[in-house]
Amino acid sequence: MKIVIIGKGGHSKVISDIVQSDPQIEIIGYLDDKYNDFFSKGDLYYGPINSAKRLIHIMPDVKFIIAIGNNLVREQIAKILNLNNCGYASLVHKNAMISSSAQIGQGTVVMANAVINADSKIGNHSIINTSAVVEHDNVIGDFVHISPNVTLTGGVHIKDGAHVGAGATIIPGIEVGERSIIGAGATVIHHIPPHCTAVGIPALVKKKVGELIANND
């Protein structure tokens, strides 16, 4: 499989490592808007993000992965490219453990030492980061980021665009609303509404996403 990585930042480095560890996958290019023009150098193509259609014309079987950690930016790029989901690769690190009954969406990346257990469903363009644990019967939406060392216990539902910070734990049956943010190290024992930031042990809603925190108590 031939892969083009969209994004040339820190998250892209990790994605590149996953690809390079699999001899059946070949990186053939990087797209990022820091490049003004489309060009080739050695065996690789480079160019702005809108060069994707040009690469498809050159190599119709090429697959893309959006290697950007920010959920909203990843979603915006997917909308701009307007590719069919089958145009994206799903990448799973060789050291991840994935149940045979789990489902992984297109454009999703599962990183080293992550665990996804029985009957969990991961949406499109999501990130299951290093050493995250997704227990049985979890449902994770599209454009979600599950950060390193997160523990999602059984039956958790993380809705589209949500971000769960490093080391957070979410107890069974909890729902995290669309585009909400769970702070690093938080323990979530109540449902979190959409478009909120929740922090602490137990996690409490501190603000709507995009608002300033009203107080520090």
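A 4.5 Å side-chain heavy-atom check between I170 and T151 finds every atom pair outside the cut-off. Within the 4.5 Å cutoff, the side chain of M111 has heavy atoms near those of the V14 side chain. Within the 4.5 Å cutoff, no side-chain heavy atoms of L31 are placed close to those of P48. With contacts defined as side-chain heavy-atom distances shorter than 4.5 Å, the pair V144/I127 does not qualify. Side-chain contact between I3 and I28: absent, with no pair of heavy atoms (C-beta onward) separated by less than 4.5 Å. Side-chain atoms of H125 and E75, non-hydrogen and from C-beta on, never get closer than 4.5 Å to each other. Using a 4.5 Å heavy-atom cutoff, the side chains of I182 and V150 are not in contact. Between V110 and I18 there is no side-chain heavy-atom pair separated by less than 4.5 Å.
Aromatic ring pairs are classed by plane angle as parallel below 30°, tilted from 30° to 60° and perpendicular above 60°; the pair F64 and Y88 is perpendicular.
Smallest separation of non-hydrogen atoms from A168 and G183: CB-O, 3.9 Å. The shortest heavy-atom contact between S21 and P23 is O-CD, 3.6 Å. Counting all heavy atoms, side chain and backbone alike, S90 lies closest to G105 at OG-O, 2.5 Å. Scanning all heavy atoms of the two residues, the minimum distance from A118 to S99 falls at CA-OG, 3.4 Å. Of all heavy-atom pairs between N138 and G154, the closest is ND2-CA, 4.0 Å. Shown here for Y35 and G47, the closest heavy-atom pair between the two residues is CD1-O, 3.5 Å.
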- Query: What do the steps show when you test S16 against I27 for side-chain contact (heavy atoms from CB on, under 4.5 Å), and what is the final call?
  - Reply: CA-CA 8 Å; S16 296; I27 299 173; 4.1 Å; yes
- Task: Applying side-chain contact (heavy atoms from CB on, under 4.5 Å), run through Y46 and S40 and close with a yes or a no.
- Result: CA-CA 6 Å; Y46 299 88; S40 62; over 6 Å; no
- Message: Using side-chain contact (heavy atoms from CB on, under 4.5 Å), reason through L204 and V199 one step at a time and then give a plain yes or no.
- Response: CA-CA 6 Å; L204 300 175; V199 299; over 6 Å; no
- Task: Kindly determine whether L44 and K41 satisfy side-chain contact (heavy atoms from CB on, under 4.5 Å), including the steps that lead there.
- Result: CA-CA 5 Å; L44 295 175; K41 184 176 180 181; 5.8 Å; no
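Atom-to-atom distance recorded for S51:OG and F39:CZ is 9.5 Å, nearest 0.5 angstrom. For the atom pair CD1 (I66) and CG (L81), the distance works out to 6.0 Å, reported to the nearest 0.5 Å. To the nearest 0.5 angstrom, I25 atom CD1 is 5.5 Å from L91 atom CG. The OG atom of S180 lies 13.0 Å from the NE2 atom of H191; values are rounded to the nearest 0.5 Å. One finds the NZ atom of K13 at 13.5 Å from the CD1 atom of I15 (value rounded to the nearest 0.5 Å). Distance check: I77 CD1 to L83 CG gives 11.5 Å after rounding to the nearest 0.5 Å.
With no hydrogens or angles considered, a side-chain donor-acceptor pair links S147 and H163 at under 3.5 Å. Looking at N129 and H145, their side chains do bring a donor and an acceptor atom within 3.5 Å of each other.
Within the 3.5 Å criterion, the main-chain N or O of I68 finds a donor-acceptor partner in the side chain of R74. Put simply, the side chain of T187 never gets that close to the backbone of T169: no donor and acceptor are under 3.5 Å apart. Under a 3.5 Å cut-off, the side chain of N84 and the backbone N or O of G87 do not form any donor-acceptor pair. Between the side chain of S120 and the backbone N or O of E135, at least one donor-acceptor pair lies under 3.5 Å. At least one donor-acceptor pair closer than 3.5 Å links the side chain of D32 to the backbone N or O of K8. Between the side chain of K206 and the backbone N or O of G200 there is no donor-acceptor pair closer than 3.5 Å. Formation of a donor-acceptor pair under 3.5 Å by the N124 side chain with backbone atoms of D142 is not found in this model. Without hydrogens or angle criteria, T108 side chain to I104 main chain gives no donor-acceptor distance under 3.5 Å. At distances below 3.5 Å, not a single donor-acceptor pair connects side-chain atoms of S131 with backbone N or O atoms of A114.
Pairs engaging residues 17-31 under the salt bridge (charged side-chain N to carboxylate O under 4.0 Å, His left out) rule: K2-E26 [sequence neighbours left out].
Heavy-atom contacts from other residues, nucleotides or ligands closer than 6.0 Å to NZ of K159 number 12 or fewer. Heavy-atom neighbours of M1 CE from other residues, nucleotides or ligands within 6.0 Å: above the threshold of 12. Within a 6.0 Å radius of CG in D61, more than 12 heavy atoms belonging to other residues, nucleotides or ligands are found.
Note on V164: it clusters hydrophobically with I174, by side-chain heavy-atom contacts below 4.5 Å among ILVMFWY residues. When hydrophobic clusters are built by joining Ile, Leu, Val, Met, Phe, Trp and Tyr residues whose side-chain heavy atoms come closer than 4.5 Å, directly or via intermediates, V19 is not grouped with L55. Connection of I116 to V133 is not established within any shared hydrophobic cluster, with ILVMFWY side chains joined at heavy-atom distances below 4.5 Å, either directly or through further cluster members. I122 and I146 fall within the same hydrophobic cluster, where Ile, Leu, Val, Met, Phe, Trp and Tyr residues are linked whenever their side-chain heavy atoms come under 4.5 Å apart, directly or through other members. Note on F143: it does not cluster hydrophobically with L72, by side-chain heavy-atom contacts below 4.5 Å among ILVMFWY residues.
Under the 6.0 Å cut-off for aromatic ring centres, Y45 and F38 qualify, their centroids lying closer than that.
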